[in-house]
2 protein chains.
Amino acid sequence: MRGRTRRAILAAAASALARDRGATLADIAEAAQVGRSTLHRYFPDRQELLNATIVDSFRVVEQSIAAAAVHQGPPREAMRRLITAMVDVGDRLAFLFGDPRVLEESTACFEPDASVPTALSLIERGQAEGVFDPQVSAEWIQEMLYAITYTGWEAAERGLLPRHGVTSTVIRTFENGLAVRP
Amino acid sequence: MRGRTRRAILAAAASALARDRGATLADIAEAAQVGRSTLHRYFPDRQELLNATIVDSFRVVEQSIAAAAVHQGPPREAMRRLITAMVDVGDRLAFLFGDPRVLEESTACFEPDASVPTALSLIERGQAEGVFDPQVSAEWIQEMLYAITYTGWEAAERGLLPRHGVTSTVIRTFENGLAVRP
DNA sequence: TGTTTTTGGGACATTGATGTCCCACAATGA
DNA sequence: TCATTGTGGGACATCAATGTCCCAAAAACA
């Protein structure tokens, strides 16, 4: 099926580019188990593949985050669901946010999406309710949310953390930091 | 002076490669305000420049970290000095740790250095004294130490955080996380 | 079965980065 | 001042990635 091949290429592209942003089209084609000609048939040039991968990854991430229903329930619980959802799509996040340049390009092929404001609004709600640190900006909390999740994903990737322990470790670090309260 | 030019190239390389690991030799030469010929005269090929930049960055980072004297005093204070030292050499850290592949290559041109164990030993000491979270591994704390510092450096780079506020924000996040303790 | 669609691989041209060489020019120092 | 050293830029070959085209084989479908 044609849609099948397309999805395989996009998934392979996100995964390969997350691990190495300099990955060759040949690398990606091989990862997708597809000939380089076929890849070019679906995506005429590298830029188009990149754009399509960005759009697709946003879609996957958005979908996963939407399922977390971050606007419902207490902020702390909502954040835990959000983190779980983000860890689940770690490779897509690593692709999108692992390299600042990818994000810049996204504005060229994608309108400001709804998922980021979603996380930000949860953070702001949590700050208003006194659950998240009000001494730092909501944007900083959001940056750290991505950073901790990414670090957890990468740690699992390198075998430093067991896959099943990533979510709880990320949540724990997000909530408590690394020091014991005095 | 010859050493002067060499240092300028190495600093420019670390800085340029931290912001864009695909930076061209022409880009680096321009950033160092030096002709491409001159760059090649000092470093015959890209790999040699990369190796030299790795070695030099490790040296700079080690030196800065050494000044923090992390083996002295209470772990919490030592960690604050360490974080301050790391933020000071943020661009070098971003170059060394921003891309996992750079770190892999470093083993090819550099023996396992003394600075990383230094951070790790501080963490282990702090855990033993009940100052740092004993529920997660020391390696995880070390990963997060780099991740938070890097995020702070990048946030300042993008104007999201004021330069003078980076250190305190990083320390605060490291110690307390992003949630308010219940 | 025969027809249509999709695929994989080979054979190019093109492009951009890289590495080499050379020479004129500027800076440094005796 | 002259001589040595370091520098910048141009010219060039090389190489890897990219993009295009074509055709035979495989797969999907009737």
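Below, chains carry the letters A, B, ... as their sequence lines are ordered, and counting in each starts from 1.
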If you compare every side-chain N and O of Thr24(B) against the phosphate oxygens of dG16(C) (OP1, OP2), does one of them come in below 4.0 Å?
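Result: no.
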
Where the side chain of Arg21(B) meets the backbone of Gly98(B), is there a donor-acceptor pair that is under 3.5 Å apart?
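No, because the side chain of Arg21(B) does not come within donor-acceptor range (under 3.5 Å) of the backbone of Gly98(B).
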
Pairwise distance CD(Gln135(A)) to OG1(Thr173(B)) - rounded to 0.5 angstrom:
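Separation between the atoms: 11.0 Å.
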
Would you work out how much the helix from dT1(C)-dA30(D) to dA30(C)-dT1(D) bends between its ends, with each end axis defined by five base pairs, to 10 degrees?
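Roughly 30° between the end axes, to the nearest 10°.
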
Specify whether Phe97(A) and Phe58(A) have parallel, tilted or perpendicular ring planes, treating 30° as the upper limit for parallel and 60° as the lower limit for perpendicular.
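Plane angle over 60°, so perpendicular.
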
Test of understanding: with salt bridge (charged side-chain N to carboxylate O under 4.0 Å, His left out), list the residues that count as partners of Asp88(B), not counting sequence neighbours.
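Not a single residue meets the salt bridge (charged side-chain N to carboxylate O under 4.0 Å, His left out) criterion with Asp88(B).
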
Closest contact, heavy atoms only, Gln127(B) versus Val136(B):
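Shortest heavy-atom contact: NE2-O, 2.9 Å.
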
Using a cut-off of 4.0 Å on non-hydrogen atoms, how would the nucleic acid contact of Tyr42(A) be classed: base, sugar-phosphate, or nothing?
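Sugar-phosphate, backbone atoms only, no base.
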
Report which part of the nucleic acid Gln47(A) touches: base, sugar-phosphate, or nothing (heavy-atom distance under 4.0 Å, all strands).
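Touches nothing.
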
Distance in angstrom units between Phe43(A) CZ and dT20(D) P, rounded
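Distance, rounded to whole Å: 15 Å.
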
In terms of heavy-atom contacts, does CD of Glu30(A) have more than 12 from other residues, nucleotides or ligands at under 6.0 Å?
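For Glu30(A), atom CD is not crowded (no more than 12 foreign heavy atoms under 6.0 Å).
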
Every protein N/O lying under 3.5 Å from an N/O of nucleotides 9-15 of chain C:
residue, atom, partner, partner atom, Å
dG9(C), N7, Ser37(A), OG, 2.4
dG9(C), O6, Ser37(A), OG, 3.0

Test applied, side-chain contact (heavy atoms from CB on, under 4.5 Å); reference residue, Val102(B); option that passes from Thr53(B), Ile54(B), Leu17(B), Leu50(B)
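Passing option: Ile54(B).
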
Starting from the 5' end of DNA chain D, give me the residue, Leu39(B) or Asp45(A), whose nearest nucleotide shows up first.
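Result: Leu39(B).
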
If you apply the rule side chain to side chain donor-acceptor pair (under 3.5 Å), what do you find for Arg19(A) with Ser15(A), and how did you get there?
CA-CA 7 Å; Arg19(A) 287 170 184 75; Ser15(A) 180; 2.5 Å; yes

